[in-house]
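Basis for what follows: all heavy atoms, side chains included, without hydrogens, waters or symmetry-related copies. We count ligands from 1, going down the list as the structure has it; atoms in each ligand are counted the same way.
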Amino acid sequence: MLQEKDLAEELIARVRAYDPVVEEGVLSRAFVYAKTAHATQQRANGEPYFLHPVAVANILAGLRLDSASIITALLHDTVEDTAVTLEDIEKQFGKEISKLVDGVTKLTRLELQSERSKQSENFRKLVLAMSEDIRVLLVKLADRLHNMRTLHYIEDPAKRRRIARETMDIYVPLAERIGIQSVKDELQDLAFSALYPDAYQSIVNRLQYLKAQNPNLVSDIVGELTNILAKQGLDAVITGREKSPYSIWRKMQRANVTFEQLSDIMAFRVLVPDLAGCYQALGILHSTYPLIPGRFKDYISTPKSNDYRSLHTGLIGPFQQRIEVQIRTQEMHEIAEKGVAAHWQYKQGAQTDGRQYRWLRELLEILEASTPEEFLEHTRLEMFQEQVFCFTPKGDIIPMPKGSTPVDFAYNIHSDIGDRCTGARVNGRLVQLRTVLNNGDQVEIITSRSSTPSPSWEEFVVTGRAKACVRRFIRMQQRSQYAELGKTMLTKMFRAHSQTLTDKALEPLLPKFKRPTVEDLYAAVGEGLMTTREVLNALYPDLAVEKQQAVDAIPEIKARAKLRKPSRYAIPIRGLIPGMAINFAKCCHPLKGDLIVGIITTGKGVTIHTQECDNLNNFQNQPERWLEVAWEDETTESNVGRLSVMINNVMGGMGHVCTMIAKAGGNIANLKITNRTQDFFELMVDIEVRDAQHMLDVIAALRSHPVVVSVERYGSLNEPVRAAVH
Ligand code: MN
């Protein structure tokens with residue numbers, strides 16, 4: 001059809017006007033592609049849907065954006081609304097375009113979020129943060145602008161209002177944030193007319209009436225202002241207009257005046273050649289006309305956060321009219337109108353060679369050469385890039401630092417929720433608590449009353465609040481674990497010397513040991529800061545238990561000629577959380593069912609070794625540090641044991657090892673080749689098993705395979721000790 005061909009040519013001509021080297025072939029291919037994809041769809045007004053993406057592309061061409069943005073505009077609704085997939089787009093138009101279309105699609109989906117969240121400032125930040133590439137946001141703004149221009153075709157008034165409110169709450173501030181005045185003004189007026197049709201209409205009527213009264217007023221004022229500045233030798237270009245209905249309405253509300261009372265409805269813009277000209281023009285106007293007090297603003301010396309620079313003032317101007325005047329240079333004006341898009345245009349400054357599209361090349365260079373983070377730095381959006389915004393199931397938005405996890409999210413809501421969280425669903429799917437959250441994720445925290453924070457959380461949480469809460473909990477927990485351990489140790493020591501331990505009996509000792517409470521005394525013993533013998537001797541000086549006696553009294557494993565089963569004096573390690581009062585030695589990886597022994601480490605509680613561990617030799621001369629410990633049947637959690645495996649260097653040998661371990665019900669947690677020769681591989685394999693017996697089964701299974709030369713548990717007596725003392 002001829003008409004469509006015209007549309008394509010018109011768009012291409014527009015782009016070519018500012019970018020003579022544009023690849024027209026790709027543009028027209030995108031045009032045809034979008035047209036085919038939307039083939040049968042229609043908009044609310046009955047027009048072919050395809051006219052919408054074309055209109056959006058034209059808006060962006062008006063902002064002189066690069067061809068990738070224009071192509072993205074043409075394709076922006078295909079993934080969400082048609083059978084086209086991102087993969088299709090990548091195949092047809094490459095990675096850059098597919099990434100941009102993906103970004104716009106994500107923003108479109110975000111619009112389906114709850115009304116409640118959209119009213120928050122955080123929602124706008126989320127939209128900004130999700131627009132990792134500023135062009136995504138520009139396409140989305142143009143999309144919204146065209147939808148607002150055609151809003152009146154939507155029949156349902158509630159829907160119209162909802163879209164208009166959303167535009168006012170989200171897209172107007174965003175357009176302002178990135179400094180695109182022209183888009184912001186139009187969105188604002190369109191939203192205003194949809195939200196308050198009566199107010200809008202009466203303001204428009206009044207403006208028309210005033211205009212009819214004095215049709216040439218604006219141009220007459222422009223003429224006089226131009227003359228006055230010219231007389232002083234200042235070459236200025238002045239334009240005038242009625243203010244927008246929305247800004248008049250805002251002023252009426254702020255000043256609490258009726259429209260009849262409101263007199264300054266005209267605004268004039270004075271464009272001067274350079275910075276000095278701005279202040280010169282201001283001086284001339286201020287000395288010619290009476291000022292309206294309180295209206296002068298110097299946004300040149302103090303620019304707005306979106307880089308807006310201009311002088312504003314209010315005057316009783318020509319013909320006794322109250323007017324608003326904005327004075328700026330051409331460069332300031334471009335930045336005010338086009339925001340980020342204009343920055344590149346002027347970065348070249350004086351050395352510009354007059355080619356209008358130069359800034360586009362620079363924009364592309366920045367985009368290509370830099371990560372999104374670097375790019376955002378240029379556009380001053382980086383503050384939102386550091387954050388990630390997630391939704392609660394109710395739709396509230398929680399802002400957090402980048403890298404946050406469900407645990408951070410939980411603590412952000414309430415410390416109780418953090419303390420009791422056991423799992424999380426992100427976008428409906430169960431995930432690990434250490435999963436890093438993304439912008440727009442909906443997070444549901446699963447809690448259980450009996451659950452408590454895990455020391456491992458400290459490694460991955462990023463918010464200060466979560467870190468502090470986990471640490472505080474660990475400190476408390478650790479202290480109570482130390483106290484529990486210390487009390488058990490003392491009870492056994494006392495019993496071995498036919499004494500009974502009571503809290504009350506210990507109280508007189510507190511000043512001597514400088515511990516505020518009995519609990520603190522227990523904790524000090526459990527932590528290894530004091531010995532049980534010290535306490536016993538202090539309470540019963542007559543016993544005068546000697547170092548060696550103490551050791552003999554508690555059956556410990558000094559000779560180690562024979563492995564010992566735990567006696568009735570053994571300290572049960574159930575209920576003691578690994579990583580707190582007790583630690584499992586990294587040299588021998590004790591498993592439940594192994595014969596074990598504890599070594600008290602000052603300030604660290606007890607380290608559990610297997611009785612076979614060669615590192616125990618290092619403690620032979622410190623009998624006081626030995627502690628008899630025992631597993632308890634209720635200890636059910638699986639443990640990780642370490643094997644040293646030697647296999648023949650044959651094809652597929654490693655595969656056999658893995659298969660045998662899996663068949664025996666073991667789960668490989670880690671595998672490392674420690675040595676490799678012509679004939680043999682030596683492997684170090686960490687395997688999750690139920691207990692020591694289970695590990696024996698795994699070992700037996702491995703030994704049964706011809707490829708396996710030898711299998712030993714690490715740290716056993718037959719094995720050279722490789723790991724350092726824990
Ligand atoms: Mn659209």
Flag side-chain contact, heavy atom, 4.5 Å: Met332 against Leu275: yes
Residue of the set Val139, Asp102, Val136, Leu65 for which side chain to side chain contact (heavy atoms under 4.5 Å, CB included) holds with Thr72: Val139
Straight-line distance of Lys106 NZ to Thr108 OG1, nearest 0.5 Å: 12.0 Å
For Lys243, the option from Asp185, Ile203, Ile248 that meets side chain to side chain contact (heavy atoms under 4.5 Å, CB included): Ile248
The Mn ion (ligand 1) neighbourhood, protein N/O/S only, threshold under 2.8 Å: His52 NE2, His76 NE2, Asp77 OD2, Asp143 OD1
Residues which pass ring-ring contact (aromatic ring centres under 6.0 Å, His included) with Tyr246, listed by chain and number, not counting sequence neighbours: Phe192
Atom pair CZ/CZ of Arg241 and Arg269 - distance to nearest 0.5 Å: 5.0 Å
